[in-house]
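All values reported here derive from a predicted model rather than from experimental measurement. Reckoned from all heavy atoms, side chains included, excluding hydrogens, waters and symmetry mates. First listed ligand is number 1; within each ligand, the first listed atom is number 1. Quick note: residue numbers are just sequence positions, from 1.
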Amino acid sequence: MKSILPTLVLAMLTAAVAPAAGQPVGAVPVIYSSDLHHPPNDPDDHFDLATLFALPELDIRAVILDCGRRQLAQPGEIPLRQMMAITGRRVPWAIGLADPLKAPNDDGRDQPAEFQRGLGLILSVLRAADRPVTIITVGSLRDVAAAFNRDPQLLREKVGRIYVNAGNAAGPQDEYNVTLDPHAFRCVMESGLPIWYCPCFGEGGPSGSACEDPRGGYGTCWTLPQERVFERIRRPLLAYFLFALRPMPAPKQPEAPVHQPAWVDNIDPEWRAQTWAHYRCMWSTASFFHSAGRRIYRVAEDDYQALSAAQARSRRIGASAIVKAFHFEPVRTVFDEAGALTVHDAPVGSPTKIFRAPNRALYSTAMRSVLAHLLGKL
Ligand SMILES: [Ca+2]
């Protein structure tokens, strides 16, 4: 007969390490802002949307379809409706402001009414919230910045965290998400709100140059061989990705076409081989796991899963299996006169934290593994 002692010791150990300091208990109310489009500009937003929906700990209170004017021609509504059909989850959503803010203190009030709904949704979700709300942005900061300028006190009271997936860790801010709305980025970074800064690229260099080996380990960029995900996922989710990637024109009606078998079957073998083997640049995945309070566990040789403390306990996976694939450090960020951002050390209580993954090989390997596992369950 097996002794229950090792199990008890394991349970005590795991209980002692989780949840991590500052992690909320229970479902986290989330406002999600994405420059999601169909046809896509970059289908990484499709992977991010699937990741968001695959984490039940994240209570999606609003999806803002960012870059409102472009949403008219390339509606993110299509993949969003597909994702809601696949998962059976219904979430409130709206398109965001049409154009970039004119200054860091612009509240967007002079933009057309049809583009004010995203901003209105952010404000109404925050007003109704009975717990701190997490905001995750994977596009521009436009609507979040305008909401702050509209009602700064509301955001100070109700926003628990903002995960900002944008920018370079330091230096000129020529990263794509920043260039969508530079004033909005500056507004949010200087807001004094609790920023969990996830710079897309590492210190210094221009966009794209510092993906694999950024100096200092800053920068969230990693690469996903698409076959890692496509080989594991169910047909409706595969159809969702292939519909985005082929690419097909936006349908005439905004009501999204529900996935169809034809999108998966009868694919040109050459196109399929290229698409499966394609390495996609990814950025935001870690912010979803972190906001959900999950940690990365090594479950086998080169095999990792992002698990909640309860999931790890139920699977008898001990704290010794936790790997530090990435972490956040307190910093102070400062814009110089030319608009370049510099990052400085700060005490633990700083409202701004920065993403860091010094061991790039571990980070990249772990992200590939955890995303494939997670989406395989959706
Ligand atoms: Ca994006």
Side-chain angles (χ1 to χ4, degrees), residues 30-55 58 60 62-80 82-83 91 93-101 118 122 134-146 162-169 173-182 184-185 188-189 195-201 207-208 210-211 219-224 226 229 240-241 243-245 247 250 278-291 355 367 371 375:
V30 168
I31 294 171
Y32 181 64
S33 181
S34 171
D35 57 332
L36 178 71
H37 294 289
H38 184 88
N41 289 346
D42 182 343
D44 69 318
D45 286 292
H46 287 66
F47 286 83
D48 288 345
L49 187 74
T51 309
L52 176 74
F53 273 76
L55 290 163
L58 301 181
I60 308 165
V63 172
I64 311 304
L65 298 174
D66 180 25
C67 302
R69 194 174 297 284
R70 191 177 284 173
Q71 291 293 337
L72 302 183
Q74 295 169 258
E77 175 182 354
I78 291 168
L80 178 59
Q82 288 175 336
M83 185 52 58
V91 300
W93 64 273
I95 66 170
L97 289 170
D99 302 313
L101 302 187
I122 293 174
T134 289
I135 297 176
I136 304 172
T137 71
V138 299
S140 90
L141 276 298
R142 186 176 304 160
D143 296 276
V144 176
I162 305 180
Y163 287 87
V164 174
N165 287 286
N168 288 327
Q173 293 301 306
D174 56 359
E175 183 277 326
Y176 179 79
N177 287 345
V178 175
T179 60
L180 289 173
D181 201 318
F185 177 72
V188 171
M189 293 303 287
I195 305 291
W196 294 69
Y197 181 33
C198 304
C200 297
F201 296 105
S207 304
C211 183
T220 55
C221 188
W222 60 283
T223 55
L224 171 71
Q226 291 187 149
V229 166
Y240 156 89
F241 283 119
F243 181 76
L245 290 170
H278 181 75
Y279 276 66
R280 175 156 305 288
C281 283
M282 298 284 290
W283 289 274
S284 313
T285 311
S287 67
F288 295 106
F289 295 134
H290 196 267
S291 62
F355 167 96
M367 288 299 104
L371 188 63
L375 297 188

Under the side-chain contact (heavy atoms from CB on, under 4.5 Å) test against T137, which residue among N177, V144, D35 passes? V144
Check: Y32 ring centroid to F288 ring centroid under 6.0 Å: yes
Find out whether N165 and I136 are in side-chain contact, i.e. whether some heavy atom of one side chain is under 4.5 Å from a heavy atom of the other. yes
Mind checking whether Y176 and N41 have side chains closer than 4.5 Å, heavy atoms only? yes
For the residue pair W283 and F201, categorise the inter-ring angle as parallel (less than 30°), tilted (30 to 60°) or perpendicular (more than 60°). perpendicular
Could you please give the number of protein N/O/S atoms within less than 3.0 Å of the Ca ion (ligand 1)? 4
For L49, the option from D44, L36, V138 that meets side-chain contact (heavy atoms from CB on, under 4.5 Å): L36
